[in-house]
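In what follows, residues are counted from 1 in the order of the sequence shown. No hydrogens, no waters, no symmetry mates; every other heavy atom, side chains included, goes into these values. Because the structure is predicted, anything quoted here is derived from the model rather than measured.
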Amino acid sequence: MAGQTFEGEVVRQIELKIDTRYATILVEPKADEVNDANIPRNLHNAAELFLRVGMVENAERVKETTDALLEMYAIDPDGKTNVRIGNGCVCWNCGHCGLAKDANGEYKNNNMNSKKS
C-alpha cells in the first residue's frame, strides 16, 4: 500500500479559522444521541467533526452562521430591532445553525424540516 496512488483521489489541505468562542456554544444531543461518543459537545467540535469527515461546506456553513450570531451579539442594541432568542439547532446534513422557526420547536432551513425531540 505504501507509495500506491489512487486514480481520481484528490488530497487538499484546508484551513478554517474557528473562533474559540464556538466552544462556549454547547450542542445538546437528542435523547438517542446522549451516549454517542461522536456527537460534538459544542460548535467548535461540530466544525472539527465536519472537517474530519470531509464535509468542508458544512464546516464553512457552521462558521458563517455562527459568526453572524457573534457579530449580532457584538452590536449594541438600537432599541428598534427585534431579536428572537431560544434554543438553536445544528443541521447535521448541511451545517446550518439557527433558531427554531416557531415556538413548537419546528426547525426549518433549505435542507431540513424536522421536529425538535
Side-chain angles (χ1 to χ4, degrees):
M1 292 292 248
Q4 186 176 10
T5 60
F6 298 95
E7 187 175 325
E9 184 176 339
V10 177
V11 177
R12 60 183 174 167
Q13 184 173 345
I14 298 165
E15 183 177 322
L16 188 65
K17 294 189 187 284
I18 300 294
D19 191 314
T20 55
R21 293 179 293 174
Y22 286 29
T24 65
I25 304 173
L26 302 179
V27 172
E28 184 179 319
K30 295 190 289 186
D32 63 337
E33 299 170 334
V34 170
N35 295 320
D36 188 339
N38 294 317
I39 293 296
R41 300 302 173 207
N42 58 59
L43 288 186
H44 193 278
N45 295 153
E48 290 175 325
L49 177 62
F50 282 137
L51 289 174
R52 191 171 33 245
V53 298
M55 299 172 81
V56 177
E57 292 81 15
N58 291 20
E60 290 170 339
R61 195 165 296 110
V62 165
K63 178 175 174 30
E64 175 186 308
T65 54
T66 305
D67 283 348
L69 171 76
L70 294 174
E71 286 175 23
M72 183 182 70
Y73 286 161
I75 298 170
D76 289 331
D78 61 11
K80 299 174 187 170
T81 305
N82 290 329
V83 178
R84 292 184 329 150
I85 60 172
N87 288 334
C89 176
V90 178
C91 176
W92 300 119
N93 293 323
C94 74
H96 180 84
C97 298
L99 294 176
K101 179 183 176 192
D102 58 31
N104 295 325
E106 185 175 329
Y107 298 107
K108 280 195 175 186
N109 71 38
N110 292 338
N111 299 312
M112 176 183 71
N113 181 6
S114 65
K115 293 284 185 184
K116 183 179 176 183
S117 56

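Residue A46 comes nearest to P40 through the heavy atom pair N-CB, 3.5 Å, listed as atom of the first residue, atom of the second, then distance. Nearest heavy atoms, V34 versus R41: O-NH2, 3.7 Å. When all heavy atoms are compared, the tightest approach of A59 to A47 is CB-O, 3.8 Å.
For the atom pair CZ (R61) and CG (N93), the distance works out to 10.5 Å, reported to the nearest 0.5 Å. To the nearest 0.5 Å, atom OH of residue Y22 and atom SG of residue C97 are 8.5 Å apart. The CZ atom of F50 lies 12.0 Å from the CG atom of L16; values are rounded to the nearest 0.5 Å.
A continuous path of hydrophobic side-chain contacts links L43 to L69 [ILVMFWY only; heavy atoms under 4.5 Å]. No path of Ile, Leu, Val, Met, Phe, Trp and Tyr side chains, each step under 4.5 Å between heavy atoms, connects V53 with I39, placing them in separate hydrophobic clusters. There is a path of hydrophobic side-chain contacts, each under 4.5 Å, that joins L51 to M55.
Atom CG of N35 has 12 or fewer neighbouring heavy atoms from other residues, nucleotides or ligands inside a 6.0 Å radius.
Shown here are the side-chain contact (heavy atoms from CB on, under 4.5 Å) partners of N42, two or more places apart in sequence or in another chain: A23, L26, H44, N45.
The shortest distance between side-chain heavy atoms of C94 and E57 does not fall below 4.5 Å.
The backbone N or O of K63 lies less than 3.5 Å from no partner atom in the side chain of T66, so there is not a single donor-acceptor pair.
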